[in-house]
Amino acid sequence: MIKITLPDNSVREYENGVTGIEIAKSISNRLAKDVLSITVNDEVLDLTRPIVEDASINLNTWDSEDGKHAFWHSSAHLMAEAIDSMYPGTKFGIGPTIDLGFYYDVDLPEGKQITEKDLVKIEKKMIELARQKNVFEREDITKEAALTMFTEKGDVYKQELISELEDGTITLYKQGNFTDLCRGPHLPNTSYIKAIKLTSVAGAYWRGDEKNKMLTRIYGVSFPKQKFLEEYKVMMEEAKKRDHRKIGKEMELFTFSQSVGQGLPIWLPKGAMLREQLETFLKKVQKRFGYQQIITPHIGDVQLYKTSGHYQKYGEDSFQTINTPAEGEEFMLKPMNCPHHCEAFRTRPYSYKELPIRYAEFGTVYRYEQSGELHGLTRVRGFTQDDAHIFCRPDQLKEEFKKVIDIIFIIFKALDFKEYTAQISLRDPNNHEKYIGSQENWDKAESAIVEACEEKGLNTITELGEAAFYGPKLDFMIKDALGRKWQLGTIQVDYNLPERFNLEYIGADDKKHRPVMIHRAPFGSMERFCAVLIEHTAGKFPLWLTPEQVVILPISEKYNDYAQNVSNYLNNYDIRAIVDDRNEKIGRKIRDNELKRIPYLLIVGEKEAEEGTVSVRRQGEGDKGTMSKDEFAKFLNDEVREQLSELYN
RNA sequence: GCCGGGGUAGCUCAGGGGUAGAGCGCAUCCUUGGUAAGGAUGAGGUCACGAGUUCAAUUCUCGUCCUCGGCUCCA
């Protein structure tokens, strides 16, 4: 008998060799139906693998990452089986799971091609194969036998993968007529897979290297219940509706022009207003935290980037230098603001008492991105960072980190981002040589970040080896209204640039010391942040931020003057109001302005004009009754104040 | 950059080897209205660009440009 410890710490005894599925059955029939894989002492295994020693286990269902992983991994094999039967001679690359679903890279026989139209046929075949309830059989195999087997099949990709594996660790999984090199784990059989949607087909280089052959990658997602697939489809529809490129066009926030160039956004009046609100907000917050705004040029002498090291590292992949005709000077479009900020710091000597110096700038930078990488506002060639550089003493690092975290929280609160995670990126413990700066400083900086996060009660994950060569960092990821994750703000310690720019301050000992630099951008870039915000809110921005807060709708042209009077009145209270004086009926004006996502509509007619009132309509909620102009202005400003309570505290 | 879908009116899209289509938007006029679409009339297109095949190309072929989905996530 062996002892099995369950997640609730209860211990049960089973025969040696008991399997996950048997344990599940012994607990409940429901669990036996729902369980997809088993975690045994931190290793995820097939439900059919015998357990031969005492162990702590967890039974993974659809609700867990590990459960989904086994499910989608098996689905990838099922797809491969379908493709193998429909396109004999296909060679298979890799077929992993991803955040939402799975893919398989395949090399189709000469002259064969899979397009979107073929996906439905493959789905049907997969369902047919799934219903056969074929068992996933696991087999240990020697490296030699594996190589022979895939050489016979002519599958060069699997051969390459096997040749890199260690003998004794190689396993095969077989279901139906299809056998694949695989580490597992898998579902007990194919019948678990009830609903399948193949989502797209794309080219992908073997091993992501453009020197290699391009394979066909087929993406799909699958579910244990038809209902889940329906929910997934609804979610995808919603995501499509919220696409910032679509909403950006509809709401006239920004546009792209072929004549200006790819990846170079043009901000239209409403989008510019959105950015202006965000910038004003952040500037106010930063002012409170002791930041000073500076302004630097869009280009800089090549030498500046040679000093910073950016030229050596990115020069070839950047926009090329700009030359002056007569004098032969060489400039680069600014890819980073930090070198300029270092020069700003260098203007005079500093006492240790003056630090930290915090220089902030909404600095526009230009970076070359391959044309195929460009995507709406999230991947562009010119963008504005809400950048700042903090020059501080090593002993101030922790305090400064905490202050930046405070700023980020104020932003999250004002914009209603409720779920976030923070990733701490530290050195690779096995390879300290590749990092610049002294051990002592790194140790200090790393513990400063970790402690700052702890003291602020942050939800963190720590990744070793993810630090930049010049310093550790803290990145913030938020979850939007649809549960999608986005990387936003970042805080990075930098030992490199102060060194390269020879930055100094005079310490209490009257000697020169090297300051530490912190790069930080709570939004990341204005472009990307606006894109996330659009998709998070579906274009219904919080009142304080939205470009047009109020539209006044006169019942007929007779009341246009009064409407204008109300508009002027509200504008004096810094409320963004305009009049819709089109020659249309009131129902029409309401509909059009609701669709434009205007938070408040004020209807004014004979009654209102006589009494000096407005009839208030809140977006999505309808008629809210009548108020005086004065009451409404106060009411609206109170709402804004409430949304920005963190800022006014 | 590479692979694969696209590019038809301002927007969303239908069509198809032989006078170019719809809805919305826009303009003019009528209507002056009370909480999600009032009516009439009209303007608007080198069917992305360039070449080729053809009696004839927006449609077929090739090239260019732009755009969309991918190209990191351990077999």
Side-chain angles (χ1 to χ4, degrees), chain A residues 69 73 76-77 80 92-100 102-105 108 113-118 141 146 150 155 157-165 169-173 179-184 199-219 240 243 245-246 249-250 252 255-263 317 368-376 553-560 581-596 601-608 615-626:
Chain A
H69 185 272
H73 201 175
H77 279 226
F92 292 88
I94 60 169
T97 59
I98 49 177
D99 273 357
L100 189 59
F102 56 89
Y103 67 79
Y104 219 117
D105 284 346
L108 293 159
Q113 213 187 1
I114 291 178
T115 65
E116 308 254 339
K117 293 175 196 84
D118 302 312
I141 186 170
F150 283 99
D155 200 326
Y157 306 105
K158 296 293 179 192
Q159 287 170 45
E160 188 178 322
L161 293 169
I162 293 164
S163 66
E164 292 165 15
L165 292 175
T169 63
I170 298 175
T171 52
L172 300 177
Y173 276 83
T179 304
D180 201 355
L181 172 71
C182 187
R183 198 175 56 185
T199 49
S200 68
V201 51
Y205 298 105
W206 170 236
R207 311 205 118 181
D209 186 338
E210 59 190 86
K211 292 187 204 81
N212 289 336
K213 182 166 180 185
M214 177 154 310
L215 309 180
T216 304
R217 174 169 298 179
I218 301 161
Y219 284 90
K240 217 169 160 184
D243 190 316
R245 293 166 300 183
K246 181 171 146 31
K249 202 183 263 183
E250 268 172 29
E252 298 181 348
T255 187
F256 289 90
S257 154
Q258 296 184 24
S259 307
V260 172
Q262 297 182 71
D317 297 321
Y368 170 75
E369 300 281 355
Q370 295 191 79
S371 58
E373 302 274 5
L374 301 172
H375 180 94
L553 313 180
I555 294 281
S556 83
E557 288 175 358
K558 281 187 262 176
Y559 311 107
N560 282 357
D581 59 3
R582 292 176 305 159
N583 176 10
E584 294 290 351
K585 291 172 104 164
I586 196 68
R588 179 54 180 268
K589 291 187 191 180
I590 288 170
R591 178 183 156 81
D592 289 348
N593 286 288
E594 282 275 348
L595 291 174
K596 281 165 80 179
L601 302 182
L602 301 182
I603 289 140
V604 297
E606 188 178 359
K607 190 166 73 90
E608 290 80 5
S615 177
V616 180
R617 213 190 132 97
R618 165 95 215 183
Q619 176 181 45
E621 295 174 18
D623 196 350
K624 292 294 204 185
T626 307

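Every chain is numbered from 1 and lettered A, B, ... according to where its sequence line falls, protein lines coming before strand lines.
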Check your understanding: Can you list the residues that meet the side chain to side chain contact (heavy atoms under 4.5 Å, CB included) rule with A/T255, with sequence neighbours excluded?
Key -> A/I266, A/L268
Revision key, fill the gap. All stems that RNA chain B takes part in, i.e. 3 or more consecutive Watson-Crick or G-U pairs with distances under 3.5 Å, are B:1-7 with B:65-71, B:10-13 with B:21-24, B:26-30 with B:38-42, B:48-52 with B:60-64
**Study point:** B/U19: syn or anti, per glycosidic angle within 90° of 0
**Key:** syn
Point to revise | With A/K558 via side chain to side chain contact (heavy atoms under 4.5 Å, CB included) - residues at least two apart | key: A/S556
Review point. Within less than 4.0 Å of OP1 or OP2 of B/C3, is there a side-chain N or O belonging to A/K213?
Key: no
Practice item. Look at the side chain of A/D155 and the backbone N and O of A/F92, then say whether any donor-acceptor pair between them is shorter than 3.5 Å. Key: yes
Exercise for review: Could you encode protein contacts along nucleotides 68-75 of chain B as a string, one character per nucleotide from 5' to 3', using B for base contact, S for sugar-phosphate-only contact and - for no contact, with a heavy-atom cut-off of under 4.0 Å?
Suggested key: SBBBSSBB
Review point. Does any non-hydrogen side-chain atom of A/V201 lie less than 4.5 Å from one of A/Y219?
Key: no
Practice item. Return no unless some side-chain N or O of A/Q370 is found under 4.0 Å from OP1 or OP2 of B/C2. Key: no
Practice item. Verify the distance criterion only: is there a donor paired with an acceptor across the side chains of A/T97 and A/H73 at less than 3.5 Å? Key: no
Exercise for review: Assign a letter to each nucleotide of nucleotides 27-36 of chain B from its 5' end: B, base within under 4.0 Å of a protein heavy atom; S, sugar-phosphate only; -, no contact.
Suggested key: ---BBBBBBB
Review point. With rounding to whole Å, what would you report as the distance between B/C62 and B/G21 at their C1' atoms?
Key: 29 Å
Practice item. State which residues pass side-chain hydrogen bond (donor to acceptor under 3.5 Å, both in side chains) with A/E373; sequence neighbours excluded, sorted by chain then number. Key: A/R379
